[in-house]
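In what follows, a single structure is set out as C-alpha cells and then discussed.
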Amino acid sequence: MAGGAPARPYLSGLNPEQRDAVESLEGPLLVLAGAGTGKTRVLTTRIAHILSTGRAYPSQILAVTFTNKAAREMKERIHSMVGDAVEGMPWLGTFHSIGVRILRRHCELVGLKSGFTILDTDDQIRLLKQLLAAENIDEKRWPARLLAATIDGWKNRGLSPDLVQPGEGATFANGRGQMLYAAYQARLKALNAVDFGDLLLEGIRLFREAPDVLADYHRRFKYLLVDEYQDTNVAQYLWLRLLAQGSRNVCCVGDDDQSIYGWRGAEVDNILRFESDFPGAKVIRLERNYRSTGHILAAASHLIAHNAGRLGKTLFSEGVEGEKVRVTGAWDSGEEARAVGEEIETLQRAGHALSQIAILVRASFQMREFEDRFVTLGMPYRVIGGPRFYERAEIRDALAYLRCVQSASDDLAFERIVNVPKRGIGDATLKQIHDLARAAALPLQEAARTLTESEELKPKVRATLRGLVQSFDRWRVQARQVPHTELAEVVLDESGYTEMWQKDRSAEATGRLENLKELVRSMEPFENLQGFLEHISLVMDADKGAGEDAVQVMTLHSAKGLEFDTVYLPGWEEGLFPHQRALDEQGKAGLEEERRLAYVGLTRARLSARVYFASNRRIHGLWNSTLPSRFLDELPDPHVQVEESKGGFGWGGSSYGARTSGESRFDRTTPFASTYDTPGWQRAQAARTGSGNSSSGGFSERGRPFGRGAGGAPVIEGTLLAASTGPKSAFAMGERVFHLKFGYGQVTDIDGNKLTVLFDKAGEKRVLESFLEKV
DNA sequence: GCCTAGCCGATTTTT
DNA sequence: TCGGCTAGGC
C-alpha cells in the first residue's frame with residue numbers, strides 16, 4: 001500500500017507545515033495553531049489520512065473536543081473526506097461524552113450501578129442545598145452555588161475529597177468544605193449519580209485502580225487527537241495522559257494565545273509543558289493565517305505580544321493589507337450602539353450579508369443596548385449564547401417527568417416535579433416523604449406511595465399524591481406499549497404540565513410550549529426513552545435559526561472559533577475590558593487572559609475590525625465616567641485609524657494626533673469642565689431625540705462632570721454629520737480593483753463610498769470602498 | 001401552601 | 001437599574 005502511494009486528494013492544498021502536521025503520525029505531536037491557520041483542517045485531514053492509509057480502524061482513533069458543536073463539525077468534515085468510515089468512529093466526541101461511554105462499560109468497578117444518572121448544575125445545587133440544610137449551615141452566608149463552584153474547581157484539578165489540602169477545604173463554611181465535598185460524593189453514590197466532573201474523575205480512578213482496563217484501552221487507541229488543547233483542565237489532562245501512555249501517538253492542537261477559560265480551570269500550563277510531559281515530542285507551528293487582512297493581523301499580533309509567558313508565534317498572511325482597525329470613541333454606550341447601528345445599516349445597503357457581521361461584547365449586559373437599538377431600527381439580529389435549550393426550566397421539568405417514568409428511584413427528578421404544576425404538595429409534605437424515605441431506605445417515589453397508604457397525610461394531599469404515584473405506574477406500563485414520543489405527550493398532558501403553560505398568560509408561555517413540542521420532536525431519532533435520556537444530559541444543543549440573515553450578537557468567549565467579515569468590538573474601556581474583576585482577582589494573569597480575549601476578538605475579523613469605547617457607561621444603574629482601555633494603546637499606530645463617533649458627540653477626549661511620549665493616545669488633555677446640564681448637552685440631547693424638550697435626558701440631576709474637551713470634535717451634530725458624508729471616492733470609474741472575497745474586477749459606478757464593481761468571477765456587486773484594493 | 005414586598009448582587013460558560 | 005430569591009404575611 002505504502003509503495004503504491006495512491007493519490008491523496010485531501011493532502012493537496014495543504015501548506016508545508018499543515019502537511020507535516022497531518023503526516024507526522026508517530027509519537028507525540030503538538031500543533032501550535034494560531035488564529036485562522038487551518039487548525040480544524042489539520043485535525044480532520046490527519047484523521048482522514050490515518051484512515052485512508054489503513055493505519056488504524058475508525059474505532060481505534062480517539063478524538064476529543066470540548067463542545068458537542070465542535071465534535072459534530074469535525075464529524076461532518078471527516079465525512080466529506082472519507083465518507084461513511086466516520087460512522088465507525090465511536091470515540092469521536094467531547095471529553096465528557098467519551099468519559100460516560102467508558103464509565104458505562106465499567107461502572108461496577110467504580111461503585112456505580114448500570115443506568116446511573118448524570119446530574120446537571122441545577123440538580124447539583126439542589127443536592128448541595130439539602131446538604132447545607134442538614135449541616136445547619138446558613139445558606140445566606142455560604143451559598144450552595146459557591147460550594148458547587150468550589151467542588152467543581154477541585155474536580156477540575158483532579159482532586160477527590162481526600163486529596164483536597166486541609167487549608168483549602170477550610171475556605172468554605174469555616175473549614176467544613178472538605179467534609180461537605182465528601183458528603184456530597186457519598187450522596188451521589190447513594191443516588192447512583194455522577195456530576196459532570198465525575199465523568200472524568202471517576203474515569204481516572206478507574207484507569208488507576210484497574211490497570212487491565214487501562215491496558216485494554218491502550219491496545220484499542222492507536223491514535224489520539226485533542227482539539228483546543230489550551231482549554232484542558234488538570235483532570236482532562238490526567239485522563240488524557242493515562243490513555244496516551246499506550247500508543248504515545250497523541251496529537252494535541254491548540255493555541256496558547258487563545259486560552260480564555262482559565263477561570264473555569266483550564267491550564268495553559270498543559271500546553272506550555274507539553275514537550276516535557278511527552279519527551280521526544282515534535283512541535284509544529286502553524287503561522288500562516290488565511291483569515292484576516294494584513295492590518296487586522298498586525299494589530300492583533302502586536303497586542304498579544306504584550307503578554308509574557310507565551311510559546312510565541314508570528315502570524316503572517318499573504319493576503320491584502322485591507323482596512324485598518326478602526327477605533328471609535330463615543331460619548332456614552334447609547335451613542336456607541338447608535339453609531340454601530342448606523343454603520344451596519346450602511347453596510348446592509350451596500351449589500352453586506354448581515355450574518356457576516358458580529359458584535360462581540362465582553363459581558364452580556366452590553367448586549368441589551370444593541371438589541372434595543374436593533375429593535376428600533378428593525379434590524380434583524382440574533383443573540384448567540386444565553387440559556388441553552390436543555391437548561392430551560394420547561395425542558396428540565398419535562399425531562400424530570402420522563403426520568404421519573406424511566407426510573408422510579410430518580411429522587412432528584414421526582415423532587416423537581418412533585419409540585420409542578422402546583423398540586424398542594426409543599427415543603428411540609430415533601431419533608432415527610434423524605435423522612436420516611438431515609439428511615440426505610442426507599443426511593444422518594446416509593447416512600448410517597450407508602451405514605452399515601454398510611455393515615456399520616458391530610459386527605460386532600462393524600463389523594464393528590466396517590467394520584468401522582470398512580471400516574472407514574474400507569475405511564476410506566478404505557479412506556480412498554482407506545483412509542484416514546486407518544487409517551488412523552490401523554491405524560492405532559494396527563495400530568496397537567498402542558499395545561500399549566502397554556503393557562504399562563506405571560507409573554508414567554510407560548511415560547512415554552514413551542515420548546516416542549518421541540519423536545520418531543522427531538523426524541524424521534526432515538527430508539528427508546530432510555531436511549532434518549534442517556535444522550536440528553538450531555539448532548540443537547542439546538543442550533544436553530546442559524547441560517548437566517550441577521551447580525552450576530554455574542555460574547556467574546558462564545559465567538560472563539562468563529563469568523564466574520566466585519567466584527568464590532570464595543571466597550572473597550574478600563575474596568576469593563578479588561579474587566580476589573582479579572583484584574584482584582586487574578587492580577588497579571590487576569591490581565592493577560594483579558595488581553596488574549598481581545599486578541600480572540602480581533603482575529604475573528606476577516607475584512608474589517610471596528611473597536612469602540614464610550615466615555616460614559618451605566619454600570620449597575622449608575623453612570624460612570626470611564627477611561628479608554630489600555631488595550632487601545634497596545635494597538636500599533638500604523639495599523640489603526642482613530643475616529644470620533646459619527647453623528648454623535650465623540651468620546652470627549654483630545655484629538656488623537658498629538659501623542660507625546662508616555663502619554664496615551666486617548667488621554668484627555670482638558671480637565672472635566674462641565675456637567676450634563678450644560679446648555680450644550682441639553683441642546684445636543686434635544687437635537688438628537690428631535691423632541692426639542694431640553695429637560696429630557698434624565699442625567700442632569702446627577703450633575704456628573706463630563707469630559708468634553710476643547711480639543712474634541714465639534715459638538716453640533718450637523719457638523720459631524722456633514723463631515724461623515726465623507727470625501728469623494730478614492731477610486732475612479734473603470735479602475736481595476738481587488739476584493740478579498742470576490743477577487744478582481746472593474747469599477748462601474750461610484751456612489752459616495754459605495755462602489756459598483758463588475759468582478760471577473762463573481763459578477764456585478766455593490767461593495768464598500770473600504771473592502772477594495774487598488775491593483 | 002401560596003403570594004408578594006423588599007433585599008442583594010450584578011464577567012466570561014461547557015459538559 | 002433590574003431581576004432573582006427569601007422571608008413573612010395571609
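These numbers were taken from a predicted model, which means no experiment stands behind them. Quick note on labels: first sequence line is chain A, next is B, and so on, each numbered from 1.
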key: Stacking check A:H579 vs B:dT11 (5.5 Å / 30 deg)   = yes

request  = Between B:dT11 and C:dG4, how far apart are the P atoms? Round to whole Å, please.
outcome  = 15 Å

inquiry  = For the P atoms, the ones on B:dT12 and on C:dC5, what distance do you get once it is rounded to whole angstrom?
reply    = 16 Å

task = Give a yes-or-no answer on whether the side chains of A:N270 and A:Y229 include a donor-acceptor pair shorter than 3.5 Å.
result = no

inquiry  = Under 6.0 Å from the ring centre and within 45 degrees of the ring axis: does the NZ or CZ of A:R101 meet both conditions for the six-membered ring of A:W91?
reply    =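 Yes, a cation-pi geometry.
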
message = When you measure from the centre of the six-membered ring of A:F365, is the NZ or CZ of A:R618 closer than 6.0 Å and no more than 45° off the axis?
response = no

query = Taking NZ, NE, NH1 and NH2 as the nitrogens, is one of them in A:R581 or A:D584 under 4.0 Å from a carboxylate oxygen of the other?
reply =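 The answer is no: the pair does not qualify as a salt bridge.
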
ask   = Between A:E634 and A:R630, is the closest basic N to carboxylate O distance under 4.0 Å?
value = no

Choose from [options] the nucleotide whose nearest atom is closest to any side-chain atom of [X].
X: A:A363; options: B:dT11, B:dT13, C:dC2; value: B:dT11
X: A:A428; options: B:dG1, B:dT15, C:dT6; value: B:dG1
X: A:R264; options: C:dC2, B:dT11, B:dT14; value: B:dT14

Atom pair distance, as rounded to whole Å: CZ in A:R126 and P in C:dC5 = 13 Å

key: Proximity to DNA chain B (any heavy atom under 4.0 Å), residues of residues 584-595 of chain A only   =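 Here the set is A:E585, A:E594.
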
Derivation of the salt bridge (Lys or Arg N to Asp or Glu O under 4.0 Å) call for A:K560 and A:E228 = CA-CA 10 Å; A:K560 197 172 73 147; A:E228 306 277 19; 3.4 Å; yes

Considering every strand and a 4.0 Å limit on heavy-atom distances, what is the contact class for [X]: base, sugar-phosphate, or nothing?
X: A:N419; result: sugar-phosphate
X: A:D427; result: sugar-phosphate
X: A:T121; result: base

ask   = Between A:F196 and A:K422, which is nearer to the 5' end of DNA chain B once each is assigned its nearest nucleotide?
value = A:K422

task = Respond yes when some side-chain nitrogen or oxygen of A:T555 is under 4.0 Å from OP1 or OP2 of B:dT13, and no when none is.
result = yes

ask   = Reckon A:S97 has a side-chain N or O less than 4.0 Å from the OP1 or OP2 of B:dT15?
value = no

